Amino acid sequence: MKTIVTTAYRPNERTDRLAVKTAKDLSIPFVLRKKRSIEKIHAEECADVLVAAKERLEFYPLGKTEPFFFHPNSSAFRTKRPIEEDPLIDVSGLEEGDVFLDCTLGMASDAIVASYRVGSRGRVIGCESHPAMAYVIKQGLQSYEAMPHLTGAMRQIEVMSNNAVDFLKTLEDNSIDVVYMDPMFTEEISEASNFKPIRASADNGQLSAEWVAEAVRAARKSVVLKAHFRSSDFETFGFNRRVRPNTKFHYGAIDCRIK
Ligand SMILES: C[S@@+](CC[C@H](N)C(=O)[O-])C[C@H]1O[C@@H](n2cnc3c(N)ncnc32)[C@H](O)[C@@H]1O
C-alpha cells in the first residue's frame with residue numbers, strides 16, 4: 001500500500017518541518033493538506049496517510065478515520081508497581097544492565113517496561129515490520145514528554161524497521177539476554193484504543209519454528225512468548241507456559257541457559 005505524508009488541518013512551521021522530515025526519512029511523497037478531510041485525502045490519493053500533527057505523528061490506514069499514534073499505554077501504570085513483579089519481567093528473568101530484543105514492537109508498551117527494568121546500563125532493541133508504524137513509534141519514543149519517569153526508558157529504545165526473523169539472523173549466537181515475541185493474536189481481545197486503527201494492517205504473521213530457533217540461538221537467558229490463553233503455540237514450540245488465572249493472555253519461556 002502506498003503511503004503519503006501531509007500536515008495538520010491548520011499547518012504551522014513545526015508541522016511542515018515534521019512532514020518534510022518524515023517524507024525524506026521514509027522516501028514517501030509529501031502532499032499538501034489544502035484543508036482536506038482524511039476521507040477526502042484517502043479518496044483522492046488512494047493511500048495510507050501519515051499526518052504531521054501539532055504534538056505527534058498520526059497514521060490513518062486507508063479507510064480508517066481514527067488515528068494510530070504513540071502513547072505509553074500500559075507501561076504507564078506497569079512501571080508504577082514493583083517492576084520485578086511485572087509478569088514479563090518475572091517470566092523472562094530480565095535484570096538491570098541486560099540486553100532485551102522485542103521482536104514485535106507494536107506500541108512499544110512491553111519494550112518500555114523492559115527498558116525501565118534494564119536501565120541506562122542496559123539496551124533495548126525493538127523490531128517492527130510495518131514501516132509507517134515503526135516510524136510513528138520511533139518518533140513518539142524520541143519526543144513524548146508527558147511521563148517524565150519514562151523519558152529515559154523511552155529514549156534508549158532502538159527501533160528497527162525490520163522483520164524480526166531477518167533481524168535475528170544477523171545476530172551472533174548468545175548476544176541478547178532476553179528475546180521476546182508477542183505476535184498478533186488470532187482471537188479477538190480488548191486492546192489499547194490507539195492500536196485498533198492499525199489492527200488489520202499490522203503484520204499478522206504467526207510464530208514459526210524458524211523464528212523460535214533463531215531466537216533460542218541468539219538468546220543467553222530466555223526466549224519469552226506472550227499469546228492468547230487458548231493458543232497452543234506454547235506447547236508446539238516448547239515454551240514453559242506460566243498460567244495466569246483469569247487473564248486473556250499467558251506468558252511462556254524457554255530457558256536458554258541450559259541449551
Ligand atoms: C500484538 S502487537 C505487539 C504489541 C507490543 N508487545 C506492545 O507492547 O505494544 C504485534 C506487533 O508486532 C508486529 N509484528 C508481527 N510480526 C512481526 C515480525 N515477524 N517482525 C516484526 N514485527 C512483527 C506487528 O506489526 C504488530 O505491530
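Whatever order the structure lists ligands and atoms in, that order sets their numbers, starting from 1. Worth saying up front: this structure is predicted, and the values here are computed from it rather than measured.
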I want to know whether Tyr144 and Phe70 have ring centres closer than 6.0 Å.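 Yes, close enough.
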
Parallel, tilted or perpendicular: rings of Phe234 and Phe239 (30°, 60°):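 Phe239 vs Phe234 ring planes: perpendicular.
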
Do any heavy atoms of [X] fall under 4.0 Å from ligand 1?
| X | result |
| --- | --- |
| Asn204 | no |
| Trp211 | yes |
| Leu105 | yes |

Nearest protein heavy atom with distance in Å, relative to [atom]:
| atom | value |
| --- | --- |
| atom 8 (O) of ligand 1 | Asp110 N, 2.9 Å |
| atom 19 (N) of ligand 1 | Asn163 ND2, 3.4 Å |
| atom 23 (C) of ligand 1 | Ser129 OG, 3.4 Å |
| atom 15 (C) of ligand 1 | Asp203 O, 3.2 Å |
| atom 9 (O) of ligand 1 | Met107 N, 3.0 Å |
| atom 4 (C) of ligand 1 | Asp182 OD2, 3.4 Å |
| atom 12 (O) of ligand 1 | Thr104 CB, 3.2 Å |

Check each of Lys226, Met160, Glu128, Gln206 against atom 13 (C) of ligand 1 and report the one with the nearest heavy atom.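 Among Lys226, Met160, Glu128, Gln206, the closest heavy atom to atom 13 (C) of ligand 1 belongs to Glu128.
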
Determine, considering heavy atoms only, which of Cys103, Ser74, Ser201 sits nearest to atom 21 (C) of ligand 1.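 When every heavy atom of Cys103, Ser74, Ser201 is considered, Cys103 comes closest to atom 21 (C) of ligand 1.
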
Take Tyr135 and His130 through the ring pair (Phe, Tyr, Trp, His ring centres under 6.0 Å) test and state the conclusion after the steps. CA-CA 9 Å; Tyr135 193 81; His130 189 297; over 10 Å; no

Could you tell me whether Asn73 approaches ligand 1 through its side chain, its backbone, both or neither, with non-hydrogen atoms closer than 4.0 Å?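 For Asn73, there is no contact with ligand 1 at all, from either part.
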
If you count the atoms of ligand 1 from 1 in the order shown, which ones are under 4.0 Å from a heavy atom of Met133?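 Every atom of ligand 1 under 4.0 Å from some heavy atom of Met133: 27 (O).
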
Please confirm whether Ala164 comes within less than 3.5 Å of ligand 1 when only nitrogen or oxygen atoms on both sides are compared.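 Min N/O separation from ligand 1 is below 3.5 Å for Ala164.
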
